[in-house]
Structure formats: C-alpha cells, structure tokens
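Values below: every heavy atom of this structure, side chains too, minus hydrogens, waters and symmetry copies.
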Amino acid sequence: MRVTANTGIAHLDTLNRDYVGKSVLIVNHSVVVLAFRSLLERWGEEQYMQVDREDDVKNCGLTVYKREDRRRLKLQEYNTVCLPMGEYE
C-alpha cells in the first residue's frame with residue numbers, strides 16, 4: 001500500500017468516526033508510523049525529517065495516543081519497547 005497524506009487522513013477519519021471510545025491497535029512499519037505522527041501532530045517536512053534522522057521508529061516500538069477533550073489525540077508514548085516475559089527485573 002502506498003501511503004500518502006490523503007490515505008493517511010482517510011484512515012484517521014475512519015478511526016475518529018467509527019472507533020471513538022474504543023482501543024485500537026494499528027501495526028505498521030516506521031514510514032507509516034512517522035506519517036501518522038506527522039498528520040496527528042501537524043508536523044512540517046523539516047520536523048518529519050529531523051525525527052526520521054534523530055529518533056527513528058524502533059523495531060517493535062509502541063507509539064501510543066490518548067484521546068483528549070473527546071476529539072484530539074495526544075501523544076502519550078513513543079518508541080516504547082516492551083521486554084519479553086521473564087526479562088523484567
């Protein structure tokens with residue numbers, strides 16, 4: 001699937017329309033994670049490129065948003081990697 005701003009916006013519109021009040025899990029590769037972040041956080045190209053260079057998406061990293069004010073999604077976590085069972089202190 002080719003991701004563009006239009007398809008990203010369409011997916012986010014569907015989530016906002018059909019899944020309000022529900023927990024949703026989306027599994028993607030790093031380019032799509034950054035594309036969604038750029039749309040949700042209203043980044044410009046320069047900020048996108050900076051995050052891509054300096055803080056790229058980790059393999060199996062979690063990016064978590066929480067709904068705020070019944071509408072806006074606010075970033076809660078970025079690049080959180082959970083340890084496998086048995087590897088906790």
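- Counting only heavy atoms from C-beta outward, the side chains of Leu73 and Glu68 never approach each other to under 4.5 Å.
- By the rule that hydrophobic residues join a cluster once side-chain heavy atoms approach within less than 4.5 Å of another member, Leu75 and Tyr19 end up as members of one cluster.
- Two residues are said to be in side-chain contact when any heavy atoms from C-beta on lie closer than 4.5 Å; Val64 and Tyr78 fail this criterion.
- Between Trp43 and Tyr48, the two ring planes are perpendicular [angle over 60°; tilted spans 30° to 60°].
- No donor-acceptor pair closer than 3.5 Å links the side chain of Asn79 to the backbone N or O of Gly61.
- Following chains of ILVMFWY side-chain contacts shorter than 4.5 Å, one cannot reach Val20 starting from Tyr65, and the two form parts of different hydrophobic clusters.
- Atom CZ of Arg37 is separated from atom OG of Ser30 by 12.5 Å, given to the nearest 0.5 angstrom.
- Between the OG atom in Ser23 and the NZ atom in Lys66 there is a gap of 10.5 Å [rounded to 0.5 Å].
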side-chain contact (heavy atoms from CB on, under 4.5 Å) evaluation trace for Leu25 with Val27: CA-CA 7 Å; Leu25 172 67; Val27 179; 4.2 Å; yes
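- Residue Leu15 forms a side-chain contact (heavy atoms from CB on, under 4.5 Å) with just one option from Asp13, Leu12, Asp18, and that option is Leu12.
- For the atom pair OG1 of Thr63 and NZ of Lys58, the computed distance is 11.0 Å after rounding to the nearest 0.5 Å.
- For Glu54, the CD atom is densely surrounded, since the number of other residues' heavy atoms within 6.0 Å is greater than 12.
- For the atom pair Glu41 CD and Gln47 CD, the distance stands at 7.5 Å (nearest 0.5 Å).
- Around atom CG of Asn59, no more than 12 heavy atoms belonging to other residues, nucleotides or ligands sit under 6.0 Å away.
- Atom-to-atom distance recorded for Lys74:NZ and Asp69:CG is 9.5 Å, nearest 0.5 angstrom.
- Between Val51 and Asp56, the closest side-chain pair of non-hydrogen atoms is not below 4.5 Å.
- The shortest distance between side-chain heavy atoms of Val31 and Val33 does not fall below 4.5 Å.
- Within the 4.5 Å cutoff, the side chain of Leu62 has no heavy atoms near those of the Val81 side chain.
- Every residue two or more places apart in sequence or in another chain that forms a side-chain hydrogen bond (donor to acceptor under 3.5 Å, both in side chains) with Thr80 is listed here: Glu77.
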